[in-house]
Amino acid sequence: MTIATNTKVKLNKIEKVKAAKHGLDVKQELESFAQMGWEAMEEDDLIIRLKWLGIFFRPVTPGKFMLRLRIPNGILSSEQMRTLAEIIERYGDDGSADITTRQNIQLRGVHLEDIPDIFQKLEAVGMTSIQSGMDNVRNLTGSPVAGIDPDELFDTRELNQKLQDLITNKGQGSYEFSNLPRKLNIAVDGARDNSIHAEINDIAFIPAFKDGEFGFNVLIGGYLSAQRCAEAIPMDVWVKPNDEVIELSAAILKVYSENGLEEGLRENRGKSRLMWLVDKWGMNRFRIEVEKKLGKSLYFAAPKDEYTMEKRDHLGVHPQIQEGYSYIGIHIPVGHLNAQGMYDIARLADVYGNGEIRATVEQNFIIPFVADEKVEAFLAEPILQQYPVNPSPLVRSLISCTGARYCNFALVETKQRGLKLAQELDTELNIPERVRIHWTGCPNSCGQAQAGDIGLMGTKAKKDGQVVEGVNLFTGGKVGKDAHLGSVTQKSIPCDDLKSVLKDLLISDFGATVKS
Ligand code: SRM
Ligand code: SF4
């Protein structure tokens, strides 16, 4: 991809690193990195460029890397799950995995010297971690019940796989699509319940019919960050699956990438997400530039989206469109698992389903294709004590980012604290409806605090004259149809005081009552 040159523009640090050597170039050097060890590596390769391969150096646990995969539409096989379990198993207590808020899986505890072997294992089962970090398109999300949902409008599985193949050059790495000015999130949804948080994706393809024909309206520019949070806005064009979605995605990525320098997006990383380009140009010019890149006209004045359902969490037993089969959503507390947990999930998929496993943006798994006659035995599985199908109300809808245990941006520990608090409040209160609590360790908002009924964002607070861990409290987030972002309603609550604040809020705003 050609990038316009403008010598007057100052490049930010990351752009300078990329200009010196492209992130994907380190793929050829992996063997030598593995031999020399991470301590001997050049810092920019270690901390920045390895992320083009999905390998994240963790300053909190030096030498124990995180490997972020790509799982298009959140779907993987039991064989793939077992491969992931084998990878982390060799690291004992250090090895673990997390389901991410983008329907994806990250592995922890990984040693650099093992990476060449790990990449071979991944390739053998058709998986890749390529371009899952830094200035790349993140995991492509779609409805986790694509192809099995009785209410579905379009099955996005093939489309999301094709889109990933384009963006990553079939997992080998694409120089064309891996030098964006910043990260970029794409979601393609064929469900009626906005299963993918369209509003917070840079590009969201959302279901819309034109004259009875199925296609997608396109939303642009949604994102969350410490500097700014923006809800995606309609590009107001309509495209058909699959080729038009792929062509349009490619054109938008090229326009974003090629104009990044001229438009200052490669200067200030705080003002570099796609929405900043749309702001600069206005949607009209943005559409025209995309059309120019496409080499053909787009259909304007797109029809309204088909989001008619409230967002489902997919936990429990649900009939599929295929008669005689159900999908069963199981709860993985804060999305965290060890190798044994992953083997157990793979076994459930093989014994009761068709070997398929699906991850959700709520950090849970779904086992599809459970024949009706096997449902009872499935529900009697002892492993469901650990991964229940019907957990208590707050635990059920708890989402959490990585937090201080592994992430150096974190201002607070999130996962364990969030889980403990939800468990305690579930024990003390009757809570009539689902209350979605989203924890996020810092303003980057990977845990999407703005999407929660209640959002908790790590910050510093003061208590008894001391600086302590605290949170800013968000309320009013709405997901599903008519989704919108919540906002901060209370600042710097010390974590030690949080339980009583949440208790009061659940009673006053969510109809909770104290258990007698
Ligand atoms: Fe994120 C950076 C974890 C979803 C916004 N995110 C990071 C890093 C890589 C920072 C770092 O190097 O430590 C975190 C890795 C921690 C670790 O060890 O796990 C991290 N982000 C995550 C995950 C794992 C959170 C989770 O527990 O699920 C999610 C991985 C998704 C995936 O599979 O790719 C994750 N991150 C998100 C989301 C949510 C979403 O996509 O719906 C957001 C907000 C939406 C968005 O991007 O607009 C998000 N992450 C960020 C940002 C702020 C971006 C910005 O424009 O400023 C950063 C910081 C950055 O990129 O500089 C960030
Ligand atoms: Fe780390 Fe902050 Fe993202 Fe949490 S929100 S994973 S603390 S960068």
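Predicted, not measured: the structure shown is a model, and the values here were computed from it. Both ligands and their constituent atoms are indexed starting at 1 by order of listing.
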Inset, instruction - May I ask whether His197 places a heavy atom under 4.0 Å from ligand 1? - result: no

Inset, instruction - With heavy atoms only and a cut-off of under 4.0 Å, state how Arg269 meets ligand 1: side chain, backbone, both or neither. - result: neither

Legend entry - Distance filter under 4.0 Å to Arg108 heavy atoms, resulting ligand 1 atoms: 17 (C), 18 (O), 19 (O)

Legend entry - Proximal candidate to atom 47 (O) of ligand 1 [heavy atom criterion; set Lys183, Gln227, Glu199]: Lys183

Legend entry - Element-labelled atoms of ligand 1 that are located less than 4.0 Å from some non-hydrogen atom of Cys407: 13 (O), 16 (C)

Legend entry - Heavy atom of Gly222, distance to ligand 1 below 4.0 Å: no

Inset, instruction - Find the distance between CZ (Arg312) and CG (Asp193) and round it off to the nearest 0.5 Å. - result: 4.0 Å

Legend entry - Between Trp276 and Tyr256, a side-chain donor and acceptor under 3.5 Å: no

Inset, instruction - Verify the neighbour count for atom CD of Gln340: are there more than 12 heavy atoms of other residues, nucleotides or ligands below 6.0 Å? - result: yes

Inset, instruction - Measure the CG-CE distance between Leu107 and Met66 for me, rounded to the nearest 0.5 Å. - result: 9.5 Å

Legend entry - Gln103 and ligand 1 - part of the residue with a heavy-atom distance under 4.0 Å: neither

Legend entry - Among Arg228, Arg182, Arg70, closest by any non-hydrogen atom to atom 62 (O) of ligand 1: Arg182

Inset, instruction - Taking only Lys NZ, Arg NE, NH1 and NH2, and the carboxylate oxygens of Asp or Glu, determine whether Asp98 and Lys415 approach each other closer than 4.0 Å. - result: yes

Legend entry - Heavy-atom nearest neighbour of atom 33 (O) of ligand 1 within options Val60, Thr100, Ile14: Thr100

Inset, instruction - Provide the number and element of each atom of ligand 1 under 4.0 Å from a heavy atom of Asn104. - result: 32 (C), 33 (O)

Legend entry - Short side-chain to backbone donor-acceptor contact, Asn12 and Glu15, under 3.5 Å: yes

Legend entry - Nearest-contact summary for atom 41 (O) of ligand 1 - protein heavy atom, Å: Arg102 NH1, 3.0 Å

Legend entry - Any side-chain donor near an acceptor of the partner, Ser492 and Thr459, under 3.5 Å: no

Inset, instruction - Assess the side chains of Tyr307 and Asp189: does a donor N or O sit below 3.5 Å from an acceptor N or O? - result: yes

Legend entry - Side chain, backbone, both or neither: the part of Gln450 lying under 4.0 Å from ligand 1 by heavy atom: neither

Legend entry - Residue of the set Lys311, Arg396, Gln103 for which side chain to side chain donor-acceptor pair (under 3.5 Å) holds with Glu362: Lys311

Legend entry - Minimum heavy-atom distance between Leu219 and Ala232, given as atom pair plus value: CB-CB, 3.7 Å

Legend entry - Donor on one side chain, acceptor on other, Gln164 and Asn160, under 3.5 Å: no

Inset, instruction - Might you confirm whether atom NZ of Lys462 has over 12 heavy atoms from other residues, nucleotides or ligands at distances under 6.0 Å? - result: no

Inset, instruction - Compute the shortest N/O to N/O distance between Phe409 and ligand 1 and return yes if it is under 3.5 Å, no if not. - result: no

Inset, instruction - Run the salt-bridge test on Glu158 and Lys162 with the 4.0 Å N-O cut-off and return the result as yes or no. - result: yes

Inset, instruction - Could you tell me whether Phe65 and His111 have their ring centroids closer than 6.0 angstrom? - result: no

Legend entry - atom 3 (C) of ligand 1 - nearest protein heavy atom and its distance: Arg68 NH2, 3.5 Å

Inset, instruction - Could you name all protein N, O or S atoms found under 2.8 Å from atom 1 (Fe) of ligand 1? - result: Cys446 SG

Inset, instruction - Take the angle between the ring planes of Phe57 and Trp38 and call it parallel below 30°, perpendicular above 60°, tilted in between. - result: tilted

Inset, instruction - For Ser143 and Arg192, test the side chains for any donor-to-acceptor distance below 3.5 angstrom and give the result as yes or no. - result: no

Legend entry - Protein contact of atom 9 (C) of ligand 1 - nearest heavy atom, named by residue and atom, plus distance: Phe56 CE2, 3.5 Å

Legend entry - Protein heavy-atom partner closest to atom 54 (C) of ligand 1 - residue, atom, separation in Å: Arg273 NH1, 3.4 Å

Inset, instruction - Could you count the protein N, O or S atoms found under 2.8 Å away from atom 3 (Fe) of ligand 2? - result: 1

Inset, instruction - Assess the side chains of Asn201 and Arg138: does a donor N or O sit below 3.5 Å from an acceptor N or O? - result: no

Legend entry - Structural part of Ser400 in contact with ligand 1, heavy atom criterion under 4.0 angstrom: backbone

Inset, instruction - Any atoms of ligand 1 less than 4.0 Å from a non-hydrogen atom of Met66? List them with their elements. - result: 17 (C), 18 (O), 19 (O)

Legend entry - Gln363 neighbourhood, listing ligand 1 atoms whose heavy-atom distance to it stays under 4.0 Å: 26 (C), 27 (O), 28 (O)

Inset, instruction - Ignoring hydrogens and angles, state whether a donor on the side chain of Ser392 or Asp426 is under 3.5 Å from an acceptor on the partner side chain. - result: yes

Inset, instruction - Mark the output for Asn185 as yes if a heavy-atom distance to ligand 1 is under 4.0 Å, and as no if none is. - result: yes

Inset, instruction - Could you tell me whether ligand 1 has any atom less than 4.0 Å away from a heavy atom of Met134? - result: no

Inset, instruction - Name the option, out of Lys51, Arg58, Gln106, that contains the heavy atom nearest to atom 15 (C) of ligand 1. - result: Arg58

Legend entry - Polar side chain donor-acceptor pair, Tyr91 to Asp114, under 3.5 angstrom: yes

Legend entry - Test: Asp453 and Arg434 ion pair at under 4.0 Å: no

Legend entry - cation_pi(Arg287, Trp281) dist<6.0 Å, angle<=45: no

Inset, instruction - Ignoring angles and geometry beyond distance, decide whether Arg138 reaches within less than 3.5 Å of ligand 1 through its nitrogen or oxygen atoms. - result: no

Legend entry - Under 4.0 Å to a heavy atom of Gln448 - the qualifying atoms of ligand 1, by number: 39 (C), 40 (C), 42 (O)

